Novice: 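Sharing a structure, written as structure tokens. Questions coming.
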Protein chains: 2
Amino acid sequence: MSFFNEKPVTNADKTFLLLRKDIVEGQIPSGSKLSEAELSTKYAVSRAVVREAISRLESCNIVERKANVGARVVSLSPEGLIELYQVRESLEGMAARLAAKHMSDDEIADLNTLLSKHFEEVKDGDSYYQEAGDVDFHYRIILGSKNNHLISLLTDGIYHLVRMYRVQLGMTGPRVTTAFDEHKHIVQAISNRDGELAEMLMRRHILYSKSNIELKLTSRSQG
Amino acid sequence: MSFFNEKPVTNADKTFLLLRKDIVEGQIPSGSKLSEAELSTKYAVSRAVVREAISRLESCNIVERKANVGARVVSLSPEGLIELYQVRESLEGMAARLAAKHMSDDEIADLNTLLSKHFEEVKDGDSYYQEAGDVDFHYRIILGSKNNHLISLLTDGIYHLVRMYRVQLGMTGPRVTTAFDEHKHIVQAISNRDGELAEMLMRRHILYSKSNIELKLTSRSQG
DNA sequence: ATATCGAAAATTGTCGACAATATAATCCTT
DNA sequence: AAGGATTATATTGTCGACAATTTTCGATAT
């Protein structure tokens with residue numbers, strides 16, 4: 001199932017979460033080597049649990065591993081971010097299509113409520129929206145797809161990579177109001193049970209987001 | 001990178017491949033429990049490497065694991081197959097779109113050559129096509145996307161699950177000639193560098209495939 | 001006979017030690 | 001002194017043993 005409500009029970013779980021947090025938030029820099037012995041002392045667990053934690057990070061594509069050599073945190077690159085967004089566009093587009101078909105009326109009502117709440121925040125000039133609000137919005141639609149493969153791929157894998165890019169490249173720009181309108185249209189399509197339109201709008205929404213980020217990246221590297 | 005050319009170097013690699021093969025080909029039945037001790041004696045390795053192999057199978061969504069309880073082979077269900085094909089439609093559609101943009105002229109020429117070879121086989125009544133030929137075709141387009149995330153998701157994860165379903169549900173039906181025409185149109189779109197059309201055709205191709213399988217499943221369960 | 005509680009067995013989680021491999025340092029040759 | 005081979009060091013891979021948890025089985029009470 002892989003809903004992130006499940007609390008960590010084993011030491012490997014906790015170490016995995018700690019490590020991921022440290023990597024995603026940049027305390028362990030991207031591209032750096034992950035020494036099993038070092039992490040073992042740092043987190044006060046045996047090498048075996050560190051190995052398992054690293055192994056899971058590998059399946060999230062957050063670290064890369066070579067046999068007999070070791071694991072490194074993936075290095076962030078503009079190309080990598082673009083590739084990531086292409087996958088995201090594809091999968092979240094499908095999620096929106098399926099959500100239009102499978103979400104219950106109650107879930108759609110909740111989604112509209114969430115949107116209204118965001119509207120108030122945008123109106124008041126709160127930029128809180130971009131951070132957690134955007135995530136929450138996308139997350140609900142992903143769950144609404146009711147497709148466990150899709151849910152797992154997005155929430156366990158891609159989501160954290162995207163966040164890693166956002167945090168480490170300092171993506172916290174504007175694009176609040178236009179994104180809100182896009183969200184509104186997506187919800188409308190879902191409310192109308194128009195899966196095809198919902199997919200199209202979601203894909204464009206993510207494409208815009210990608211373009212926006214690319215713009216910042218290039219302008220930064222040039223000036 | 002995760003190209004499957006890389007030969008296994010470590011014992012965990014080999015055990016992972018053996019285990020996956022046994023599961024995908026049905027020698028270890030779906031839904032059954034994976035006892036670490038049992039597998040440890042069966043493959044003549046320590047429990048640690050069995051654990052690592054299972055851990056990797058978990059990240060492929062081939063086994064499910066519960067803390068302090070153990071791992072089970074995923075159980076196949078019609079719903080699971082449908083979910084899988086929805087993800088596949090989404091990702092391979094994007095792969096076709098990107099392939100139209102990123103494949104070199106040489107690669108496209110090779111793809112046409114492959115298609116001609118398939119045409120000869122179909123003409124001669126060989127049904128070899130459906131098995132390896134289809135995989136080869138899709139595989140080249142996936143690689144042609146040049147998107148490492150996409151490649152990894154499809155070839156490491158989804159591909160083997162699809163094969164597991166195919167083998168265990170005995171999917172080796174006809175649908176040879178119509179599939180060939182679909183392949184032909186996809187290659188034409190890629191040759192014309194029309195990514196949008198390539199994506200659309202690939203998605204329809206996979207949708208047809210899904211419907212075909214659903215048809216067989218329902219007719220089988222009814223008699 | 002059924003249900004509940006508790007002990008025993010089996011299974012997974014964790015650990016430290018050893019083996020195999022890769023990396024670094026040293027020595028030898030030219 | 002530079003390059004290559006060789007030894008030394010460090011890191012990862014593998015193993016068996018112990019701890020913690022779950023499951024099984026049996027005893028007891030209702």
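Quick note on labels: first sequence line is chain A, next is B, and so on, each numbered from 1. Remember, predicted model here, so these are calculated numbers, not experimental data.
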Novice: Check whether any side-chain N or O of A:S211 sits under 3.5 Å from a backbone N or O of A:L207 as a donor-acceptor pair, and report yes or no.
Specialist: yes
Novice: A:E36 has an atom CD; how far is it from atom C1' of C:dA20, in whole Å?
Specialist: 14 Å
Novice: Check the distance between C:dA10's P and B:N68's CG and give it to me in whole angstrom.
Specialist: 18 Å
Novice: Less than 4.0 angstrom from a charged side-chain N to a carboxylate O is my criterion; do B:R203 and B:E89 meet it?
Specialist: yes
Novice: Can you say whether the rings of A:F137 and A:H205 are parallel (under 30°), tilted (30 to 60°) or perpendicular (over 60°)?
Specialist: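 Ring orientation, 0 to 90° scale: perpendicular.
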Novice: Does the side chain of B:K33 get closer than 4.0 angstrom to OP1 or OP2 of C:dT12 through an N or O atom?
Specialist: yes
Novice: Nearest-Å distance, CZ (A:R51) to C1' (D:dT11)?
Specialist: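 Taking CZ of A:R51 and C1' of D:dT11, I get 10 Å after rounding.
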Novice: Determine yes or no for a side-chain-to-main-chain donor-acceptor pair under 3.5 angstrom, with A:S90 supplying the side chain and B:S90 the backbone.
Specialist: yes
Novice: How many whole angstroms separate atom CZ of B:R72 from atom C1' of C:dT11?
Specialist: 13 Å
Novice: Is A:S46 near enough to C:dC15 that one of its side-chain N or O atoms lies under 4.0 angstrom from OP1 or OP2?
Specialist: yes
Novice: What is the distance, to the nearest angstrom, from the NZ atom on B:K66 to the C1' atom on C:dT12?
Specialist: 14 Å
Novice: Taking CG from A:N11 and C1' from C:dT12, how many angstroms apart are they, rounded to a whole number?
Specialist: 13 Å
Novice: NZ of A:K14 versus C1' of C:dG13: gap in Å, rounded?
Specialist: 12 Å
Novice: Specify the residue among B:A37 and A:V45 whose closest nucleotide of DNA chain C lies further upstream toward the 5′ end.
Specialist: B:A37
Novice: With no hydrogens and no angle check, is any side-chain donor or acceptor of B:T113 less than 3.5 Å from a backbone partner on B:A109?
Specialist: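 It does hold such a pair.
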Novice: It should be established whether B:T10 places a side-chain nitrogen or oxygen under 4.0 Å from OP1 or OP2 of nucleotide D:dT12.
Specialist: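 For D:dT12, OP1/OP2 do not have a side-chain N/O of B:T10 under 4.0 Å.
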Novice: State which of D:dC15, C:dT14, D:dG13 makes the closest approach to the side chain of A:A67.
Specialist: D:dG13
Novice: Hey, is the side chain of A:R47 poking within less than 4.0 Å of OP1 or OP2 on D:dA10, counting only N and O atoms?
Specialist: no
Novice: Tell me the interatomic distance from A:I54, atom CD1, to D:dG13, atom C1', rounded to whole angstroms.
Specialist: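 A:I54 atom CD1 is separated from D:dG13 atom C1' by 13 Å.
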